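Okay, so here's the structure we're looking at.
Reckoned from all heavy atoms, side chains included, excluding hydrogens, waters and symmetry mates. Order of the sequence lines sets the chain letters (A, B, ...), proteins ahead of strands, with each chain counted from 1. Keep in mind it's a predicted model, so treat the numbers as computed, not measured.
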Amino acid sequence: MRLDVRGEICPYPMLKAVEAMKRLPEGEVLEVITDHAPALESIPTQARRRGFSVKIEQTGNPEWVITLTREVSS
Amino acid sequence: MATLYFPTFLRRMTEGQAQVEVTADELGALVAEVSERFPDLRVHLLDETGQLRPYVRFFVNGQDARALQGLATPLQPDDKVTLVPAVAGGATAKASTLPILPGIRRHILYGLLATVGALLVLLFYARISTSLAIFWTFGLAFGFVVQRSRFCFTSAFRDLFLLQDGRLMKGVIVGLAIATVGFTLIMYKAVPDPTQGMAGNVYPTGWHTLLGGLLFGTGMVVAGGCASGTLYRMGEGYVAQWVALVGMIAGSFVLALHWEWWWPNVISRQPKFWFPRALGWGPALVLTLIVLFGFYLLIVWWESRAGGISTWEEPTGPVRTFADRLRVGWQQIFVRAWPAAAGGLALGMLNIFEYLYKKPWGITTAVSRWAGWVAYTLGYPAQNLLYFGDKPAGKELLSHIPWLSGGTLLNWGLIFGAFTAALLAGEFKLRFPRRRYRYLQTFSGGLLMGYGARLAMGCNIGGFFSAIPSLALNGWVFGLGLVGGAWIGVQIIRRLP
């Protein structure tokens, strides 16, 4: 699933990413596209608490793709 | 048909395929074809305008396409094309490849130009008045630090509730603690016997302080930035935050109109409460530090209950040579976010320096003066308002014209410092929210902030970040209001999609 939160003001990028993590179907990967740098600081905490692994790639100036993958729990 | 090979990390966007056959007979057509076929891959290859991203490289039969004919390179049916995004090549490749990428370098050039601009403004003011030049410099430094450490007071308060994340609040407490020590020393020099006077940001304290904090706290969460946050986000290119500043100016003007009631009926009747006077210097200092430490522990406990804090570390790659160390040093200071505690420490120190020079850091007094100046310029006799009455009417109000007051230069320095830092980091971008009502939202938040800050006689900076170190009760009461207001604000933004 892809979530584009470019242009949003604080804290909507984080808020929407958290909402999307809750809704994400099993086995899907969530990609958050953002231009809001503070999201890079707060999303990892939210992701790990919900059992997601985080990968961040810079895809522009400023633009990042945050890839959230649900870790297998068993 | 030519064959395109994908690097491992991109394969999840290509339905797991390591290679695909393409019908395109030219590299440009190949890009279009695979973007069409794998929409997820598109964002990695093309930017918003449909141009190939500068760091994406294609190799045709092992030769860099840029050395051939670029996107016009013809493809033969048995050609092997490899896609190599430079950022993808793992830690080492990333660290060593980034600085030489053209798209990434340009913003550094702009950042250096902005630095030169900041110095020219400094030289200009240095010829008019040393004091104005010094305030401009302080503003630049504050702006640089808040941008680099993403030091957002709103997020510090809000995320305690919204995300159960105290990362920034811990930074705020570090800043308060260091400033408390510095301020105490300065105030002790100025007023050795605390029963004989007062120093620092000590204001009348009462229910108006709490109400001001509540309004300000709600407003900052709704607007997505406090006083300092609004200014630095303006510098980063968040257009909605410019609207928040307009709201703040309007809000402080409304308060100036209401001041005729607030001051005689409420504020002037409230006592000023200064801990050194009540407890003596030593106990006031020690008690403040102990309470700050207590809050720090409380936050650590609160976060731990939710599962702790995680960060994402960008790999640096091997650091061996002098050039490596310079590069990594540059990245740590100018590109990556500073830890919140480092930001708090730097802001606390800067606040001490500014107090040493003249007075503790503040933002909204100047903002309310702009409001008076705008009203005066539009023909409204703002100089007759009691709020502006602490300065003699007319001419003195005009002496606060934006470009000739220290507070203004401090605020514009902050915006410009954040702008420069954002450019150097590659984080500047004009961001327009897609939902139009965000502008109304940030304006309303600004309105509440402007009113609340001037009602309590200080914002999150003057009334909190500089007031708790002043050993003044009003700082704590306003802080309590901020906590309550942030909670209210969180309830509001949760209902605004």
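Without hydrogens or angle criteria, B:Arg158 side chain to B:Phe153 main chain gives no donor-acceptor distance under 3.5 Å. With B:Arg167 contributing its side chain and A:Thr45 its backbone, the two residues share no donor-acceptor pair below 3.5 Å. The backbone N or O of A:Glu71 lies less than 3.5 Å from no partner atom in the side chain of A:Ser53, so there is not a single donor-acceptor pair.
Among residues 233-245 of chain B, the residues having any heavy atom closer than 4.5 Å to a heavy atom of chain A are, in sequence order, B:Arg233, B:Tyr238, B:Ala240, B:Gln241.
Heavy atoms of B:Gln441 lying under 4.5 Å from chain A belong exclusively to its side chain. The part of B:Ala223 that comes within reach of chain A is its backbone (N, CA, C, O), which places non-hydrogen atoms under 4.5 angstrom from that chain. For chain B, the nearby part of A:Ile33 is the side chain; its heavy atoms alone come within less than 4.5 Å. Both the backbone and the side chain of A:Glu41 come within contact range of chain B, judged by heavy atoms closer than 4.5 Å.
Scanning all heavy atoms of the two residues, the minimum distance from B:Tyr232 to B:Cys152 falls at OH-CB, 4.3 Å.
Taking OG1 from B:Thr154 and CG from B:Leu162, the interatomic distance works out to 12.0 Å, rounded to the nearest 0.5 Å.
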Worksheet entry | Trace of the side-chain contact (heavy atoms from CB on, under 4.5 Å) decision for B:Leu163 with A:Val18 | CA-CA 9 Å; B:Leu163 305 171; A:Val18 169; 4.2 Å; yes

Item to complete: Walk me through it: do B:Arg434 and A:Asp4 pass the test salt bridge (Lys or Arg N to Asp or Glu O under 4.0 Å)?
Response: CA-CA 11 Å; B:Arg434 274 172 228 177; A:Asp4 185 348; 3.3 Å; yes

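Interface check for chain A: of the options B:Gln164, B:Glu303, B:Arg431, the most heavy-atom pairs under 4.5 Å are formed by B:Arg431. Contact count versus chain A (heavy atoms, under 4.5 Å) is highest, among B:Pro433, B:Gly224, B:Ala306, for B:Ala306.
A 6.0 Å sphere centred on CZ of B:Phe334 holds more than 12 heavy atoms belonging to other residues, nucleotides or ligands.
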Side-chain donor-acceptor contacts of residues 487-497 of chain B below 3.5 Å, not counting sequence neighbours, with atom names and distances?
| from | atom 1 | to | atom 2 | distance (Å) |
| --- | --- | --- | --- | --- |
| B:Gln491 | NE2 | B:Trp487 | O | 3.3 |
| B:Arg495 | NH1 | B:Gln491 | O | 2.7 |

